[in-house]
Amino acid sequence: MSTDIDYADVQGTILRGYRVDMARHFILSITDAAGARAFIGQMVSGAPGVPQITTAARWTEKPECFVNISFTAAGLAELGLTTAQLGKFDAAFQRGATADYSAETVGDIGESAPAKWIGGMDDGTRVHVVLNLWVEEEAEVLEKVTAKLRAAFAGCMRELSAHDARALPDNQVHFGYRDNISQPTVQGAPPRKHPIPDDQPVVATGEFLLGYPNQSGGITSVSPAELSKNSSYAAFRILEQDVAGFESFLATYAAEAKVDPEMLAAKVCGRWRNGNPLALQPTEPGTPLPMSQVNDFTYVNATDAAADDTLGLKCPIGSHLRRNNPRNAGVVGTDSAHHRIVRRAMPYGPAYDPAHPDTTPRGLIGYFINASLTNQFEFLTGQWNLASDFVKSAAAPSGSPAGNAYYNVSGQDAFLGVNDPSNPTGPNYSSFTLAGPGAKGTGNTTIAGFSRMITTRGGAYCFLPSITGLKYLSTLVPTT
Ligand code: HEM
């Protein structure tokens, strides 16, 4: 099957980074299904007055705003999809983000539990639509388009909440790291305007769009056909970051591990805060590497021992980077190309000022996009981020006395883990290993007992229909 993609049929955020500084996400509940179908139709009709859904088609002039829309399983049911049709959708999508199984799988427990989610997201049955608006950086445009959208959905959907995001300088996230460096290169997708080359395989289109072969050669489809090709799934997440807690973690545990706090910051992430990867820059942050180098690395090199990091001596196997994309390292669950994810999230809340500590909520909000919530978002979050036994036993090219990868990872992801300090024998006890050379982990330093630093404040499992799919939904005649 051809992987030529009709970009004009794909919602833009799936395949394109919009390179904007502001976003507003509306969480909506359908109150009038016929009106909601008409609203969807207007957004793909070219009708003047109603903001149109942005596609992945090339533009000659950058639009003043970008609009995309997604639906939960409850939302598709409201619009008229039958139980039999919904039964063919991704299993995680069907159960939704607030289901107990989903929450336990991805670590949304305790303070992160769906019952505590903000903005009406605690009740997944009421969350039907996530409507997204991005603008370059003009607040007036954000307000102008917001007013138009609100006028258009007012009679048919109730606004449960709206959530703003604002980019921080230099693409930073609230812990001070440079973000937006590594994204999968999707076969057939429009080339990035400012490409960041890497040494990783191009990922099959079907890992991000339904209707194309995926990494396993299978094609995911749903019924009806109109909703299948060029559609995608996403986990919408609101992740609150405890910046003061993170800085205090660095100070306390760097002293315990006898490393510089900046080194510990780099070790838990896999990149220094300036974006340089530990894989290439293992001992000091240095000056930011050129974009041509900053993502161009792998972890295993069987022919060059100096370039090899099988054991995680440079970049810990349990770092956020390696857990979320082990690249060419040996892991349980096929390989990393089967579990890539497109990240379209942006910081929210004011920058933290250590001179004036505050508790204003701040964090990261947006979509984590994939063709299978079960095999990508949930697998990644629930397995590689919440477990330490995902790495395959492997020695460095120099031989086993230098150690074995299996021993060099502990606990959960420092960012995405549950990291419960209260129960040292429990499965969620926080622990992080800085590997040193030596058989069976004898050269390792492990820090433990730190608190969770990122709390889930909201979420929804979403379906991003193609433009054909949106037109289908807009004219759907529900069976009674
Ligand atoms: C507040 C929450 C989060 C923070 C602060 C955070 C931070 C970061 C940072 C600083 C990077 C390095 C920049 C880059 O390589 O582009 C990164 C990379 C990455 N993160 Fe996160 N992240 C968060 C949530 C998540 C979630 C929820 C997922 C997946 C479900 C995820 C998956 C990834 C992936 C796949 C990479 C790129 C790894 C690679 O290709 O080498 N992150 N993250």
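Atoms within each ligand, like the ligands themselves, are counted from 1 in listed order. This is a predicted model, so every value here is computed, not measured. Below, each value reflects all heavy atoms present in this structure, side chains not excepted, and no hydrogens, waters or symmetry copies.
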> Salt bridge or not for R273 and E247, using N-O below 4.0 Å?
Replying inline: yes
Show the atom names and distances, to 0.1 Å, of all donor-acceptor pairs under 3.5 Å that link a side chain in residues 347-355 to residues at least two apart or in another chain.
unit_1: D353; atom_1: OD1; unit_2: A355; atom_2: N; d: 2.9
unit_1: D353; atom_1: OD2; unit_2: H356; atom_2: ND1; d: 2.9

>> Regarding R340 and E207, does a basic nitrogen lie under 4.0 Å from an acidic carboxylate oxygen?
In response: no
Name every donor-acceptor pair, under 3.5 Å, that has one atom in a side chain of residues 125-133 and the other anywhere in the protein, sequence neighbours excluded.
unit_1: T125; atom_1: OG1; unit_2: D123; atom_2: OD1; d: 2.5
unit_1: T125; atom_1: OG1; unit_2: D123; atom_2: OD2; d: 3.4
unit_1: H128; atom_1: ND1; unit_2: I30; atom_2: N; d: 2.8
unit_1: H128; atom_1: NE2; unit_2: T125; atom_2: O; d: 3.0
unit_1: N132; atom_1: OD1; unit_2: Y367; atom_2: OH; d: 2.7
unit_1: N132; atom_1: ND2; unit_2: H25; atom_2: ND1; d: 3.0
unit_1: N132; atom_1: ND2; unit_2: Y367; atom_2: OH; d: 3.2

Check ligand 1 for N or O atoms under 3.5 Å from a protein N or O and list each pair with its distance.
unit_1: ligand 1; atom_1: 15 (O); unit_2: R271; atom_2: NE; d: 2.9
unit_1: ligand 1; atom_1: 15 (O); unit_2: R271; atom_2: NH2; d: 3.4
unit_1: ligand 1; atom_1: 16 (O); unit_2: I181; atom_2: N; d: 2.7
unit_1: ligand 1; atom_1: 16 (O); unit_2: S182; atom_2: N; d: 2.9
unit_1: ligand 1; atom_1: 16 (O); unit_2: R343; atom_2: NH2; d: 2.7
unit_1: ligand 1; atom_1: 20 (N); unit_2: H320; atom_2: NE2; d: 3.0
unit_1: ligand 1; atom_1: 22 (N); unit_2: H320; atom_2: NE2; d: 3.0
unit_1: ligand 1; atom_1: 40 (O); unit_2: S182; atom_2: OG; d: 2.5
unit_1: ligand 1; atom_1: 40 (O); unit_2: N325; atom_2: ND2; d: 2.9
unit_1: ligand 1; atom_1: 41 (O); unit_2: R327; atom_2: NE; d: 3.4
unit_1: ligand 1; atom_1: 41 (O); unit_2: R327; atom_2: NH2; d: 2.7
unit_1: ligand 1; atom_1: 42 (N); unit_2: H320; atom_2: NE2; d: 3.1
unit_1: ligand 1; atom_1: 43 (N); unit_2: H320; atom_2: NE2; d: 2.9

> Does R327 pair with D309 as a salt bridge, N-O distance under 4.0 Å?
Replying inline: no
> Considering residues at least two apart in sequence or located in another chain, which fulfil the salt bridge (Lys or Arg N to Asp or Glu O under 4.0 Å) criterion with K392?
Replying inline: none
